[in-house]
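Chain A is the first sequence line, chain B the second, and so forth, proteins listed ahead of strands; every chain is numbered from 1. The structure presented is a predicted model; accordingly, all values stated were derived computationally and were not measured. Computation of the quantities below employed the complete heavy-atom set of this structure, encompassing side-chain atoms and omitting hydrogens, waters and symmetry-equivalent molecules.
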Protein chains: 2
Amino acid sequence: MNAERSTNQSVDRALSVLTLFTSTSPSLRVSDVASGLGLGVSTASRLLATLEESGFLRKDSKSQRYELGQQIISLGGVALNNEPIYHNSRAVTQRLAWELGLGANVAVRQGTVLRYLQNVEGPMAPKSYTLLGQTNPLHATGMGKALMLDLSASEREALLGSDDLPAYTTNTIVSHSDLEVELQRSSERGYCTEINELALGRACIAAPIRDFTGQVVAAISLSGALSAINLSERETELARIIIEAADTISVASGYLSPQPQHR
Amino acid sequence: MNAERSTNQSVDRALSVLTLFTSTSPSLRVSDVASGLGLGVSTASRLLATLEESGFLRKDSKSQRYELGQQIISLGGVALNNEPIYHNSRAVTQRLAWELGLGANVAVRQGTVLRYLQNVEGPMAPKSYTLLGQTNPLHATGMGKALMLDLSASEREALLGSDDLPAYTTNTIVSHSDLEVELQRSSERGYCTEINELALGRACIAAPIRDFTGQVVAAISLSGALSAINLSERETELARIIIEAADTISVASGYLSPQPQHR
DNA sequence: CATTGCACTTGCATAATATGCAAACAGGTT
DNA sequence: AACCTGTTTGCATATTATGCAAGTGCAATG
């Protein structure tokens, strides 16, 4: 039909099959895949069989449903270990989660969203699922704000569009001018917060991580239920901690010194 | 050439390309892939381009080397969240690592090896890389032994072969009869240990996790440097802890009660 | 600065391979 | 037992991947 460039059609389709498996639909039948991608059932059936044979999918022979297989987890581990940011932040996040009892997270920006590279839950915020690999909007999260600190207003609009931003709660920042103010304030004090902006009952505090180029390459955050993180009383203390943690990781990533404001 | 069954050749090849990316060779050039799989360079080039376009690989345009991309991490997270054992053990392992300062791990058996589903390092055993998704031999690790507790001697030999087992140190159990004795002892006391058997300087203590079928489906372990884990003095204490942790996870997995010895 | 070498990409003709249809099959339900 | 839904498989066709060879880009060397 239409060949984008020099790519392999069946491989493309197989990879699209894999991306159909998400947190909200972790197991799929042949017909789900077929309709989800607009393929014939026979094609879907064969693609799934191939993916299963290589261990990328596993099939529950009773329910005839496919799920992601062990090979994916294996590759995921390799991919993580291949990220310098992961290396440099692993010990730090685990220590923070342990000492503060809160969630400790690291994320990078992936286009218009952030993607979690690390997610450790402290004793005060236990979860049974991991946020690893998941994405969240930039404008409604602490880490997302931290990841935008380098961008100019025009770059942000190019990225997020010039319309009002999607609201997740009544506290979500929806206008670009409000976002500008928020980011300016965050930049000056060196950390970002988010309270009830993505979901009610939660808050977080985040700081940017820079590498040897001086650019923001990742963000680290502490997160938890409002009562657990208790920002109204502990903001100063947690800010000091998160800024220091971010700097530790930045230095480990080769960051030398702050760039002067202009050139 | 030869079609195993009803599989898609190019997809098969593309998946093989992905599995070439390992912890020991996390970045590959086109020619590496071509020679590694016995493909022509042009074919390899096109497969890699397709994988990159879907975000499964990323290309460093300067060095022309490919690495695993974000899509892999994304899928890895989904795959983890899809594992009931991961769900049921996440809070427990993070708590153990935190309270004891040791490494806390969960693994499942994957044929002849174990694969880590969880790997949290406590303050006394910091590591910058994750074992998540990696594999280890069954006979030379505590979790591996725990994962074999259900198997009969003949099943073990069918799995591991009847020859002597590979030695990683001079302490590795290499004979099947020694392994039988070790497993019998472990089964009776309810936990497994491993001291200097996979690598010198390390030890661990592990216990089996069972689900509602009563079968061993996973294992949990505490691990660390010999001096950190200090098994010679703390074995009784750590055994109690790891057995209790394993039971907590087993119960969460639907395990009801121990099966009587003979039907 | 030009030259050589290496590694990767791309155009094109050929042949191998994926596809869709239809029939067979399996599992569960009425 | 018959039906319905969903899945697999055989087979002929044409779409699609492949290998070759030329082209391009980059870095090291003379």
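Side-chain nitrogen and oxygen atoms of B:T43 include at least one within less than 4.0 Å of the OP1 or OP2 phosphate oxygen of D:dG19. Between A:R46 and the phosphate of C:dG20, there is no side-chain N or O to OP1/OP2 separation shorter than 4.0 Å. Residue B:N8 places no side-chain N or O under 4.0 Å from the OP1 or OP2 atom of D:dT16.
Distance A:R13 CZ to C:dG20 C1': 11 Å, rounded to the nearest Å. If you take CG of A:L57 and C1' of D:dT7, they are 16 Å apart, rounded to a whole angstrom. Here the P atom of nucleotide D:dA17 and the CD atom of A:Q9 are 6 Å apart, to the nearest Å. If you take CG of B:L47 and C1' of C:dT9, they are 14 Å apart, rounded to a whole angstrom. Spacing between atom CG of A:L48 and atom C1' of D:dG6 amounts to 13 Å, rounded to whole angstrom units. Here D:dT15 presents its P atom at 17 Å from CG of A:L39, a figure rounded to the nearest Å. B:K59 has its NZ atom 11 Å from the P atom of D:dC26, to the nearest Å. When rounded to the nearest whole Å, the span between CG of A:L28 and P of D:dT7 equals 10 Å.
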side-chain contact (heavy atoms from CB on, under 4.5 Å) for A:S27 and B:N82? Distances and angles first, verdict last.
CA-CA 9 Å; A:S27 88; B:N82 198 38; 5.6 Å; no

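Mapping A:R29 and A:S10 onto DNA chain D via the closest heavy atom, the residue that lands nearer the 5' end is A:R29.
If you check the side chains of B:D247 and B:Y255, you find no donor sitting under 3.5 Å from an acceptor. In this structure, a donor-acceptor pair under 3.5 Å is present between the side chains of B:S25 and B:T22. There is a side-chain donor-acceptor pair under 3.5 Å between B:Q118 and B:S89.
Residue A:S31 is in sugar-phosphate contact alone, with no base atom involved, counting any heavy-atom pair closer than 4.0 Å across all strands shown. Using a 4.0 Å heavy-atom distance criterion, A:S42 is classed as a base contact.
Each of D:dT7, D:dA27, C:dC8 was ranked by its minimum atom distance to the side chain of B:K62; first place goes to D:dA27. Listed candidates were C:dT10, D:dC11, C:dA7. Nearest to the side chain of B:S45 is C:dT10.
Between the side chain of A:T50 and the main chain of B:N8, a donor-acceptor pair closer than 3.5 Å is present.
Checked by distance alone, A:R65 brings no side-chain donor or acceptor within 3.5 Å of a matching partner on the base of D:dG6.
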